[in-house]
Amino acid sequence: MPERRLLDSTELVAGLPENMREGVQKRATTRTFERGDLVFGQGDPSHELFVVVEGRIAISTRSTDGRESVVAVLENGALFGELGLFDGGPRSADVRALTDTQLLALDYDVVRAALREYPEALWPILRILAQRLRATDEALADAVFLDVPARTAKRLLELAGESDQFTLPMTQEELAGLVGASRERVNKALALFTRVGWLEIKGRNRYRILDRASLEDRSNP
């Protein structure tokens, strides 16, 4: 199936010999989720990892009082759910579909068997984990050194990518979780950006960047 070929482009599978890649592909299963569906919850048992075929998912953590913080938003080709592969521990975060989403699921036992036979393929997974750790370090630094408008500007630029017009793939409550602030404070930052002419918002989730340079300047310490 074409979606299973997507595994070839992931760092996890790309490092395997061709015959092993084919075996891994055959063991992958397709899962579909509607917007808002929970893929798995924080504390759930872990026994498989996932690759995003189409759509967007949010990875978030919850505090003991129920507050939610969005750690990352992942799109096509992204790998997630790999931590339990190494320690067998429960899920460390919630994962929810931000849009209608299709995933490939791969059982840990399949991956472990491939890695035992070809341990060199561990390096791409270690690179993924290192990138996630760097992203976590950056998020912690942002929380210390950037105010809410700066963090809001930075997250908007990340979500927009190279395009000045984009559809926000989440609710404003979810955006607030990604920024790491209350919805009210993030809304005030958005209102400020529109008032000074840096941003245009149409409807609930259609955004247009009018002054990228100013947003970039505001996103820095």
Summary of side-chain hydrogen bond (donor to acceptor under 3.5 Å, both in side chains) pairs that have at least one residue in residues 159-170, sequence neighbours excluded:
D164-R212
Do the side chains of [Y] and [X] get nearer than 4.5 Å, heavy atoms only?
X: L79; Y: L49; result: yes
X: V24; Y: V111; result: no
X: V53; Y: T30; result: no
X: R96; Y: D37; result: no
X: V51; Y: L103; result: no
X: L104; Y: T29; result: no
X: L175; Y: L168; result: yes
X: L133; Y: L129; result: no

Side-chain ([X]) to main-chain ([Y]) donor-acceptor, under 3.5 angstrom:
X: N76; Y: V52; answer: no
X: T101; Y: T99; answer: yes
X: S46; Y: G89; answer: yes
X: R91; Y: G81; answer: yes
X: R27; Y: V110; answer: no

Search all heavy atoms of [X] against all heavy atoms of [Y] and return the closest pair with its distance.
X: D44; Y: G41; value: OD2-N, 2.7 Å
X: A181; Y: V186; value: CB-CG2, 4.1 Å
X: E174; Y: V70; value: O-CG2, 3.4 Å

Quick check for you: to the nearest 0.5 Å, what is the distance between [X] atom [atom1] and [Y] atom [atom2]?
X: L215; Y: R218; atom1: CG; atom2: CZ; value: 10.0 Å
X: L122; Y: F86; atom1: CG; atom2: CZ; value: 6.0 Å
X: D147; Y: R185; atom1: CG; atom2: CZ; value: 8.0 Å
X: L83; Y: I125; atom1: CG; atom2: CD1; value: 11.0 Å
X: F193; Y: E200; atom1: CZ; atom2: CD; value: 15.5 Å
X: N187; Y: I201; atom1: CG; atom2: CD1; value: 8.0 Å

Partner set under side chain to side chain donor-acceptor pair (under 3.5 Å) for D94, not counting sequence neighbours
R62
Using the test side chain to side chain donor-acceptor pair (under 3.5 Å), find all partners of S214 that sit at least two apart in sequence or belong to another chain.
D211
The ring-ring contact (aromatic ring centres under 6.0 Å, His included) partners of F33 (sequence neighbours excluded) come to none
Report the residues that fulfil ring-ring contact (aromatic ring centres under 6.0 Å, His included) with Y207, sequence neighbours left out, ordered by chain and then residue number.
F166
Step through the shown structure and confirm whether more than 12 heavy atoms of other residues, nucleotides or ligands are within 6.0 Å of CD on E117.
no
Should we count CZ of R112 as having more than 12 external heavy atoms under 6.0 Å?
yes
Pair R132 + E82: basic N to acidic O under 4.0 Å
yes
Does the pair E48/R31 count as a salt bridge with the N-to-O cut at 4.0 Å?
yes
Is V39 reachable from V73 through a run of I, L, V, M, F, W or Y residues, each pair having side-chain heavy atoms under 4.5 Å apart?
no
Would you say L38 ends up clustered with L178 if hydrophobic residues are merged whenever their side chains have heavy atoms under 4.5 Å apart, either directly or through other cluster members?
no
Side-chain polar contacts of residues 148-160 - donor-acceptor pairs under 3.5 angstrom, sequence neighbours left out - could you list them?
{"unit_1": "R151", "atom_1": "NE", "unit_2": "V179", "atom_2": "O", "d": "2.9"}
{"unit_1": "R151", "atom_1": "NH1", "unit_2": "L146", "atom_2": "O", "d": "2.8"}
{"unit_1": "R151", "atom_1": "NH2", "unit_2": "G180", "atom_2": "O", "d": "3.0"}
{"unit_1": "T152", "atom_1": "OG1", "unit_2": "V148", "atom_2": "O", "d": "2.8"}
{"unit_1": "K154", "atom_1": "NZ", "unit_2": "E138", "atom_2": "OE2", "d": "2.7"}
{"unit_1": "K154", "atom_1": "NZ", "unit_2": "D142", "atom_2": "OD1", "d": "3.1"}
{"unit_1": "K154", "atom_1": "NZ", "unit_2": "D142", "atom_2": "OD2", "d": "3.0"}
{"unit_1": "R155", "atom_1": "NH1", "unit_2": "E158", "atom_2": "OE1", "d": "3.2"}
{"unit_1": "R155", "atom_1": "NH1", "unit_2": "E158", "atom_2": "OE2", "d": "3.1"}
{"unit_1": "R155", "atom_1": "NH2", "unit_2": "D142", "atom_2": "OD2", "d": "3.2"}

Once you measure the plane-to-plane angle for F50 and F80, does it fall in the parallel (<30°), tilted (30-60°) or perpendicular (>60°) bin?
parallel
